[in-house]
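Encoded as structure tokens, the structure appears first; notes follow it.
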Amino acid sequence: MAAFVLTLAQPAHAVSPGPDPCVRLAPGSEVPEPRNLRSERGVLALDLSIHNYREADGSVRYCYLLADGTQAPALRLGAGELLILRLRNDLTDIGMAQGGPGSPGGHDHSAHAHAAPATDPCTSGAMTPVSTNLHFHGLTVPPVCHQDDVLRTSVQPGDGPFEYRFRVPRDQPPGLYWYHPHIHGFSSQQVSGGASGPMIIEGLERATPDVAGLPERVLVIRDQSLLNPAAPPSSSEPVVPKMLIDRDGDAANNGTGFGKPAKDLSINFVPVPYPDYPPAIMRMRPGERQLWRVVNACSVTYLNLAVVFGHTPQRLGLVAIDGVPMNAPFGRSPPVTWIDHIGVPPGARVEFIVQGPPAGTPALFVTRAVDTGQGGENDPNRALAALVARADAPEPQSRLPLSSAPLPAPARPWLGEVAPVRVRHFYFSEKLKDPKDPNSATDFYITEEGKTPAPFDPAATVPDVLARQGDVEDWIIENRSTELHAFHIHQLHFVLVGWSGLPVNEPFLRDTVNVPYFRAQMLEYPSVRLRMDFRDPNTVGTFVYHCHLLEHEDGGMMGTIRVEPAAAAPAAAR
Ligand SMILES: [Cu+2]
């Protein structure tokens with residue numbers, strides 16, 4: 001159930017003035033590829049600005065732009081290389097989330113007038129609708145200002161360019177990562193508005209020779225408020241129970257796989273709107289093998305990706321999850337796992353080999369329904385893109401290199417076989433602000449067992465968890481709510497070693513994992529057991545773990561961890 005603030009009456013705000021900097025393609029357009037920005041001589045330097053714009057229908061778009069207006073470029077660099085990203089905040093206060101329909105229109109309402117003067121972006125921690133920052137999801141870089149801190153770093157519209165500068169670790173696995181804003185309370189609004197972009201650490205073919213030389217496509221799937229919220233379901237769908245609406249106005253899971261979705265989806269900014277889901281177009285050469293690199297950049301929508309020719313699901317060759325090749329760096333998993341659908345929670349990435357259809361065969365890239373639980377959003381079956389096979393189809397802009405010098409051997413033993421020094425227990429839970437009023441807003445919690453559930457407190461000076469660099473811990477995370485949550489922790493990857501008390505054999509890494517939902521007839525709460533890796537010195541510092549359904553994160557489902565240096569006194573025993 002998505003539930004906290006944004007239940008504003010529509011649309012008391014005027015359209016933003018001037019041209020829309022976050023222009024979107026029409027439904028049914030060909031899927032564009034993001035512009036590739038590649039490192040040169042070991043450095044990728046760029047200037048990026050973030051913008052927003054209110055549409056005539058009241059919806060608000062956000063976007064990252066290069067100086068020439070290019071949206072959401074793909075940042076591509078190698079392990080060991082330097083990223084220098086100067087972020088300028090061009091957000092304007094267009095009346096979102098701050099008490100509703102008071103502000104008369106966006107014009108003459110420049111956020112520059114509101115920006116607090118001379119606050120230090122490294123320490124302000126400001127959380128306003130026009131504050132922003134960047135999180136580099138999946139990278140093991142230090143949680144400090146100018147690198148990957150999201151707790152205190154907050155850039156305001158008056159601040160001028162703010163520099164992010166870090167070196168990608170030499171042992172960062174090659175694969176697909178992503179960048180997005182992470183201001184507590186406003187993450188969902190900015191990300192569902194479109195603020196996100198892909199980042200690729202080069203060299204996947206060094207771990208997985210099967211992909212060497214393949215053409216590649218980077219696909220960012222985002223969600224957004226419905227373009228046609230009042231439309232009845234398409235007449236081609238089966239009749240489903242009457243729509244339920246959760247307290248945020250999203251369509252609630254009806255358990256059928258059909259009906260109105262909570263959000264529309266887009267693929268590289270081509271919307272595929274309810275109710276008819278006109279697919280975007282992807283041209284391929286008949287039978288061509290490609291590597292698809294897919295980010296689930298949705299704020300709240302689960303994906304379950306498949307490719308169908310006619311009605312027949314096709315084999316997809318999964319090679320990487322969450323930026324890490326399946327077989328890297330230990331070779332404990334096959335380099336390619338052939339499956340016919342792939343579940344992807346919000347925040348996660350998957351990279352897989354696809355074979356194009358024969359000429360003339362109708363083919364679709366789809367997401368199948370996801371059962372998010374009785375309390376979850378409706379994520380029905382729907383198309384994303386039609387695959388059109390023609391001999392004269394243009395080739396993707398990029399191909400993986402043919403040469404494939406193997407990756408260096410790992411420096412540390414395989415995480416899955418390291419004994420944890422301690423086990424911690426956490427649980428996801430939800431509570432109505434007014435238990436007597438089923439329409440009141442919901443608080444969202446992630447709580448360590450034994451403590452009192454409380455929403456994330458940005459003013460807290462004591463971290464929720466103390467750990468020590470060099471340690472490996474097991475975290476058991478229960479779900480005591482009736483909807484799915486997606487656990488994510490910054491700065492590190494983990495191994496899923498257990499599922500509701502049963503051992504799991506997943507000899508690969510993740511940074512985001514689905515936590516199954518509770519049903520009333522269950523005897524125990526469902527859970528995941530994760531082997532958490534604090535061995536890397538870059539994990540030293542204070543950072544966050546949270547649910548990656550951003551309405552939940554913004555609603556309080558987040559905690560802080562401080563990892564102390566190995567040389568310091570032992571972390572408080574628990
Ligand atoms: Cu959640």
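In this chain, residues are counted from 1 in sequence order. Indexing begins at 1, ligand by ligand and atom by atom, following the structure's order. Here the structure is a predicted model, which means the values were calculated and not measured.
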Test side chain to side chain donor-acceptor pair (under 3.5 Å) applied to Asp148 and His137, His135, His490, the passing residue = His135
Between Phe494 and Arg531, is there a cation-pi geometry (under 6.0 Å to ring centre, at most 45° from the normal)?
-> no
Verify whether one side chain among Glu553 and Ser188 offers a donor that lies under 3.5 Å from an acceptor in the other.
-> no
Sub-2.8 Å protein N, O or S atoms surrounding the Cu ion (ligand 1) | His485 ND1, Cys547 SG, His552 ND1
Under 6.0 Å from the six-membered ring centre of Phe428 and within 45° of its axis: does the NZ or CZ of Arg480 meet both?
-> no
Of all residues at least two apart in sequence or in a different chain, which pass the disulfide (SG to SG under 2.5 Å) check with Cys63?
-> Cys22
Passing candidate, ring-ring contact (aromatic ring centres under 6.0 Å, His included) with Phe136, options Trp178, Tyr179, Tyr164 = Tyr164
